Amino acid sequence: MQIMKNSTSDSIRSENSNWWQDAVFYQIYPRSFYDSNGDGIGDLQGIKEKIPYLKDLGIDAVWLNPVYPSPNNDYGYDISNYQDINPEYGTFEDFTELLDAFHAQGMKLIMDLVVNHTSTEHDWFQNSRRNPDGPYGDFYIWHDGIDSGAEPPNNWNSFFGGSAWKYDPLRGQYYLHLFDEHQADLNWANPKVREEVYRIMNWWFSHGIDGFRMDVINMISKDTSFPNDTRELDDLAVKGTPYFINGPELHNYLKEMRAKVLSASTKFAVGECPGAEFEDVLALSGMDGEELDAVFQMDLMEIDHGSGGKWDIRSWTAAEFLSRLSRWQQGLEGRAWPANFFSNHDQPRALSRLADDNEYHFESSSLLAVILLSLTGTPFIYYGEEIGMPNADFRSISDYRDVDTLNFFALERTRGREEDELLRIIRYMSRDNARSPMQWNGSKYGGFSSTEPWIPMGRRYAEINVEKDLSSQRSVYREYRKLISFRKKTAALGYGDFEPVESDHAQLIAFMKRHRQGDYLVCANLSTRDAQSRLSFLAAFLPGAVGTELEYSNYKRTTLQDQELKKGILNLRPYEACILKITKS
Ligand code: GLC
Ligand code: CA
């Protein structure tokens, strides 16, 4: 599908835009959203019950993390059957009921498509290992080891630690797994694999879903000479990425998928593309519409990753934050449609990571909403973000469920690192920080379930939950609702041209969104101290700009501050975020 020209100053919002360009998405991690039948596991009926909550917030579309049958080594990202529902979450009838219920509200639903790999319990894999000459023999990436099989075929690593190869004694060969050893990579070089994937996608479309979020889709093509990675790398870094991220056939495969599945439809295809560079995103989701509709790239959310990757935490500055934001907002302008997010099931909670989840909880939560909802592109709100859910912050390693976290802990322990140090890192960076149950109220299991949940409640659920938030004077949910509705009537936010201003301020970020229907300035103080911006720069950016009008602030503004603003001085209190309309002569 062609993506409409989105961001020159005279583009017209909504006329001719695709539905996902106007939509505000909400991502649900089904296992942790709402448990309707008291087994401690979130489920599809539970989601259905909460549709009014989402509708009221102003949500247009939902992305569901995988709900297919899975042995849960990676909680659904290891699929054992693509055409059914995990009984833990309900039946296929529950699924169609849920889909109908969304559609009845005028909402859309997109599913997760995990086709870089399957679970090793998938029939295809079991057939493949048992019968190398059979129809599934070539469905996975099998290779002989070196040194008469004693060593894996090359030095590539799994993203979850250790070698990316696992020896299978039955077949007598190694198979590739870029993720957990129970997630075997499919062999996309085999046209039969691709046909199966397209068939499955069409099958889901025939059941009425509105699109797919495509898991690590930029890794489906591998360099089939499987060379060693000879770069000098940090111990924690993943070896082999140049040979499987953005591999030689990637664009051909996606063009084929577009032709065979996605063309001439109004389905939405957003690809998750870790490690994607700017040029890659243009090639994958450029306006020619030949491959994907949008891409999730990780650049901004890797701002605190050091040279060793996610477990190697580094500090960052406001200036760097704005520069990363600008790079993509400006770079993609008029060329590709962005997909924006601060949190998801793979990231710790942005609130705890980028702002202050404690003293300035309300301000920080609403500040993130201001920035996310002011960006050009489709915003994805992650469940709980709308009430300022902070990191789960578990204290004991036994509270964690995530294979990536547990592998990191075990591996680094064998390398001799202290338990305390590892737990400190995990408490900040583990994916489980963002997978704890939705905090509906302050009762024993947070209103999520009537029984002990599959993963503990976040530590602060009694203090931060939907019930409390909605009854508070300063409700984060109501700020989100207000900002979503403001975004929907303000073309500059979702569609405008982005221009960074104040690009080397130590505390705050400021950017303009320009559109022929009106120009706006967004300012956010990312620090715990007051910060000042002199709006004198406005004249330079916008000839004819005479002043600003405050449209939104997450603080109550005083008359004195209004007067200062008239003089071009904007004083922002800790984590204050404002949207100002620029007035012209
Ligand atoms: C993606 C998913 C992540 C999963 C991995 C392997 O990055 O978002 O949750 O573990 O792929 O499927
Ligand atoms: Ca349940």
Side-chain angles (χ1 to χ4, degrees), residues 24-59 62-65 67 75 88-90 94 97-98 101-102 105 107 109 343-345 348-352 357-358 361-362 364-366 368-369 380-394 399 401 431-482 484:
V24 174
F25 267 78
Y26 188 91
Q27 181 192 345
I28 292 180
Y29 193 70
R31 203 171 182 81
S32 294
F33 195 58
Y34 186 55
D35 172 19
S36 72
N37 63 348
D39 62 357
I41 297 173
D43 46 57
L44 300 181
Q45 286 295 339
I47 296 171
K48 195 176 141 215
E49 280 184 46
K50 299 296 184 184
I51 290 179
Y53 170 87
L54 301 174
K55 184 75 189 167
D56 178 62
L57 186 59
I59 299 302
V62 164
W63 152 30
L64 277 192
N65 287 102
V67 291
Y75 290 104
E88 290 176 316
Y89 302 143
D94 291 323
E97 253 182 52
L98 176 66
F102 274 121
Q105 291 297 325
M107 297 166 80
L109 182 69
S343 297
N344 65 31
H345 64 292
R349 296 259 172 201
L351 170 64
S352 304
D357 65 11
N358 231 301
H361 176 267
F362 169 83
S364 295
S365 307
S366 42
L368 290 177
F380 285 76
I381 296 168
Y382 186 57
Y383 86 96
E385 217 165 17
E386 75 283 11
I387 54 160
M389 258 172 76
N391 274 349
D393 196 23
F394 302 141
D399 291 335
R401 304 286 179 266
R431 308 196 291 183
D432 281 340
N433 274 310
R435 295 179 176 186
S436 61
M438 178 68 175
Q439 296 166 190
W440 296 103
N441 63 41
S443 69
K444 188 156 182 216
Y445 301 119
F448 162 73
S449 176
S450 54
T451 190
E452 191 176 346
W454 70 281
I455 188 172
M457 297 299 300
R459 272 167 55 86
R460 294 167 65 197
Y461 80 91
E463 164 207 348
I464 299 164
N465 57 61
V466 174
E467 197 176 284
K468 270 210 146 171
D469 183 86
L470 291 178
S471 64
S472 156
Q473 288 295 319
R474 304 203 306 161
S475 155
V476 176
Y477 180 96
R478 286 197 298 272
E479 296 307 298
Y480 265 87
R481 187 167 60 188
K482 199 191 292 177
I484 289 172

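Side chains included, hydrogens not; waters and symmetry mates left out as well; all remaining heavy atoms used. Here, residue 1 is the first one in the sequence, and each next residue gets the next number. Computed from a prediction, not measured in an experiment: that's the story for all the values here.
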Give the C-alpha distance, both sets of side-chain angles, the deciding distance and a yes or no for side chain to side chain contact (heavy atoms under 4.5 Å, CB included) between Arg435 and Arg401.
CA-CA 9 Å; Arg435 295 179 176 186; Arg401 304 286 179 266; over 6 Å; no
Given the rule in the side chain to side chain contact (heavy atoms under 4.5 Å, CB included) test, do Tyr445 and Tyr461 qualify, once you have shown the distances and angles that lead to the verdict?
CA-CA 9 Å; Tyr445 301 119; Tyr461 80 91; over 6 Å; no
In sequence, state the C-alpha distance, the side-chain angles, and the governing distance for Arg481 and Asp56, and then conclude on side chain to side chain contact (heavy atoms under 4.5 Å, CB included).
CA-CA 8 Å; Arg481 187 167 60 188; Asp56 178 62; 2.7 Å; yes
Full working for side chain to side chain contact (heavy atoms under 4.5 Å, CB included) between Ile455 and Asp399
CA-CA 7 Å; Ile455 188 172; Asp399 291 335; over 6 Å; no
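With hydrogens and angles disregarded, no donor-acceptor distance shorter than 3.5 Å links the side chain of Ser472 to the backbone of Lys468. Put simply, the side chain of Ser352 gets close to the backbone of Asn391: a donor and an acceptor are under 3.5 Å apart. Formation of a donor-acceptor pair under 3.5 Å by the Ser364 side chain with backbone atoms of Leu351 is not found in this model. The backbone N or O of Ser36 lies less than 3.5 Å from a partner atom in the side chain of Asp43, making a donor-acceptor pair. Checked by atom type and distance alone, the side chain of Tyr383 pairs as donor or acceptor with a backbone atom of Ala434 at under 3.5 Å. With Glu49 contributing its side chain and Ile47 its backbone, the two residues share no donor-acceptor pair below 3.5 Å. In this structure, the side chain of Asp35 does not engage the main chain of Phe448 through any donor-acceptor pair within 3.5 Å. In this structure a side-chain-to-backbone donor-acceptor pair under 3.5 Å is present from Asn441 to Ser443.
Taking both residues in full, the closest heavy atoms of Ile381 and Ile59 are given as CD1-CD1, 4.2 Å, listed atom of the first, atom of the second, then distance. When all heavy atoms are compared, the tightest approach of Glu385 to Val476 is O-CG1, 4.2 Å. Closest heavy-atom contact between Val67 and Leu44: CG1-CD2, 4.1 Å. Minimum interatomic distance between Ser475 and Leu470 (heavy atoms only, all atoms of both residues): OG-CD2, 4.2 Å. Nearest heavy atoms, Ser343 versus Pro348: OG-O, 4.3 Å. Of all the heavy atoms in Ser365 and His361, the pair that sits closest is OG-O, 2.6 Å.
By the 4.5 Å heavy-atom criterion applied to side chains, Met107 and Leu54 are counted as neighbours. In this structure, the side chains of Pro390 and Arg349 stay at 4.5 Å or more apart for every pair of heavy atoms. Side-chain contact check for Glu479 versus Arg474: every heavy-atom pair is 4.5 Å or farther apart. Inter-residue side-chain proximity for Val466 and Met438 is flagged as met; some heavy-atom pair is nearer than 4.5 Å. Side-chain contact check for Lys48 versus Phe102: every heavy-atom pair is 4.5 Å or farther apart. Contact check for Ser436 versus Met389: side-chain heavy atoms found under the 4.5 Å cut-off.
In the displayed structure, Glu452 atom CD is contacted under 6.0 Å by at most 12 heavy atoms of other residues, nucleotides or ligands. Within a 6.0 Å sphere centred on NZ of Lys50, heavy atoms belonging to other residues, nucleotides or ligands number more than 12. Other residues, nucleotides and ligands contribute over 12 non-hydrogen atoms within 6.0 Å of the NZ atom of Lys55.
Annotation: side-chain hydrogen bond (donor to acceptor under 3.5 Å, both in side chains) contacts of Asn358 (sequence neighbours excluded): none. Taking Tyr53 as the reference, Trp440, Tyr477 meet the ring-ring contact (aromatic ring centres under 6.0 Å, His included) condition, with sequence neighbours excluded. Residues meeting the ring-ring contact (aromatic ring centres under 6.0 Å, His included) test with His345, sequence neighbours left out: Trp63, Tyr77.
Atoms CZ and CG, from Phe25 and Leu109 in turn, are 9.0 Å apart once rounded to the nearest 0.5 Å. For the atom pair Ile28 CD1 and Asn65 CG, the distance stands at 9.5 Å (nearest 0.5 Å). Atoms CD and CG, on Gln439 and Asp469 in that order, are 11.0 Å from each other to the nearest 0.5 Å. Distance OH/Tyr26 to CZ/Phe380: 14.0 Å, rounded to 0.5 Å. Thr451 OG1 to Lys444 NZ: the interatomic distance, rounded to the nearest 0.5 Å, is 8.5 Å. Taking CZ of Phe394 as the reference point, atom CG of Asn433 lies at 7.5 Å (rounded to 0.5 Å).
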